[in-house]
Amino acid sequence: MAVTSLSWFSIGGLPIIEGLDILERLRRKGISSPALILSALSNPADRVEGLDRGAEDYLGKPPHLRTPARLRARTRRRARNR
């Protein structure tokens, strides 16, 4: 199945490096859907790596109550930029 467009996507249940590898592959294939990383690894170096490898945002666990608002804001911003 070819994936060409997604609103948001989640890669869960994997060690962070594997998830980032998948994210990089999707970016190389031209899939630019926003990616939010929600990870137990939340030190600054992990966050920087996730953002540098293609994520639009990186949140540490546990997620905050503001997470849904952040997703809505990023979706609105993306819609305006199309």
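Side-chain contact between Asp46 and Ile37 is absent, with no heavy-atom pair separated by less than 4.5 Å.
Taking CZ of Arg47 as the reference point, atom CG of Asp57 lies at 8.5 Å (rounded to 0.5 Å). The distance from the CZ atom of Arg25 to the CG atom of Leu23 is 11.0 Å, given to the nearest 0.5 Å. Here the CG-OH distance, from Asp52 to Tyr58, works out to 12.0 Å after rounding to the nearest 0.5 Å.
The two residues Glu56 and Ser33 make their nearest non-hydrogen contact at OE1-O, 4.0 Å. Nearest heavy atom pair, residue Arg53 against residue Glu24, reads NH2-OE1, 3.1 Å.
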